[in-house]
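Structure first, commentary second.
The first residue in the sequence is number 1, and the count goes up from there. Remember, predicted model here, so these are calculated numbers, not experimental data.
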Amino acid sequence: QVQLVESGGGSVQPGGSLRLSCVASRSMFTILSMGWYRQGPGKQRELVARIITDGSTNYADFVKGRFTISRDNANNTVYLQMNRLKPEDTAVYYCNVGGLIMSMRAAEYWGQGTQVTVSS
């Protein structure tokens, strides 16, 4: 129903910036929200930021003021602008989309993940 493709990951020095992109291809699926999660080495997956169709957003405390999530509804794309990156931001970042199949059944999908490494 939905395929998510992330891009934009890489290696940067502390204080640097990266911009992640996630493009969703879909059929018979209504997207309601799109977001970014991350999973560091030996850690559980955690929410980074999420954006709803109406533009409302939610951010994890550890990225407030540094990361910005945005969405292009027309192109089914979500972005995550990451500034002032810290070593603890090192993780695999996953795109997530939630919505309705055939306007009825709730479902969510995950991308394959993109690696972000922040080190000196």
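For the residue pair I101 and A107, the shortest heavy atom distance occurs at CD1-CB, 3.7 Å. The shortest non-hydrogen separation linking A24 to I31 is CB-CD1, 4.1 Å.
Both Y109 and M34 are part of a single hydrophobic cluster, where members link through side-chain heavy atoms under 4.5 Å apart. Residues I52 and L32 are members of separate hydrophobic clusters, defined by side-chain heavy-atom contacts under 4.5 angstrom among Ile, Leu, Val, Met, Phe, Trp and Tyr. Y94 and F67 fall into different hydrophobic clusters, where Ile, Leu, Val, Met, Phe, Trp and Tyr residues are linked whenever their side-chain heavy atoms come under 4.5 Å apart, directly or through other members. No single ILVMFWY cluster, assembled from side-chain heavy atoms under 4.5 Å apart, contains both M104 and V97. Hydrophobic clustering (ILVMFWY, side-chain heavy atoms < 4.5 Å, transitive): V92 and L18 are in distinct clusters.
The neighbour count for E88 CD, taken as heavy atoms of other residues, nucleotides or ligands under 6.0 Å away, is above 12.
Using a 4.5 Å heavy-atom threshold, the side chains of R26 and Q3 count as separate. The closest side-chain heavy-atom distance from S119 to P87 is not below 4.5 Å. A 4.5 Å side-chain heavy-atom check between W36 and L47 finds every atom pair outside the cut-off. S33 is listed as a side-chain neighbour of R50, based on a closest heavy-atom distance under 4.5 Å.
Remark: the backbone N or O of G113 is paired with a side-chain donor or acceptor of E6 at under 3.5 angstrom. Using a distance-only test at 3.5 Å, with no hydrogens or angles considered, a donor-acceptor pair links the side chain of T90 to the main chain of V118. For R84 (side chain) and G65 (main-chain N/O), a donor-acceptor pair under 3.5 Å exists by modelled atom type. Judged purely by atom type and a 3.5 angstrom limit, N75 has no side-chain atom pairing as donor or acceptor with the backbone of D72.
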_side chain to side chain contact (heavy atoms under 4.5 Å, CB included) between S17 and M82, intermediate numbers included_ = CA-CA 5 Å; S17 299; M82 304 185 293; over 6 Å; no
*Between D54 and S56, is a side chain to side chain donor-acceptor pair (under 3.5 Å) present by the stated rule, with each step listed?*
CA-CA 6 Å; D54 64 5; S56 61; 2.9 Å; yes
*Start with the C-alpha distance between E46 and R38, add both sets of side-chain angles, then the distance that settles side chain to side chain contact (heavy atoms under 4.5 Å, CB included), and finish with yes or no.*
CA-CA 5 Å; E46 60 186 351; R38 72 185 188 187; 3.1 Å; yes
*With side chain to side chain contact (heavy atoms under 4.5 Å, CB included) as the test, would you mind laying out the steps for C22 and Y79 before giving the verdict?*
CA-CA 6 Å; C22 174; Y79 305 94; over 6 Å; no
*Determine, step by step, whether L4 and V23 satisfy the side chain to side chain contact (heavy atoms under 4.5 Å, CB included) criterion, reporting the C-alpha distance in whole Å, the side-chain angles of both residues, the deciding distance to 0.1 Å, and the verdict.*
CA-CA 6 Å; L4 305 177; V23 180; over 6 Å; no
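The CZ atom of F29 lies 9.0 Å from the CD atom of E108; values are rounded to the nearest 0.5 Å.
Looking at N76 and R71, their side chains never bring a donor and an acceptor atom within 3.5 Å of each other.
I51 pairs with exactly one of N73, N58, I69, L80 by the side chain to side chain contact (heavy atoms under 4.5 Å, CB included) rule, that one being I69.
Side-chain rings of Y37 and W110 approach one another, their centers coming within less than 6.0 Å.
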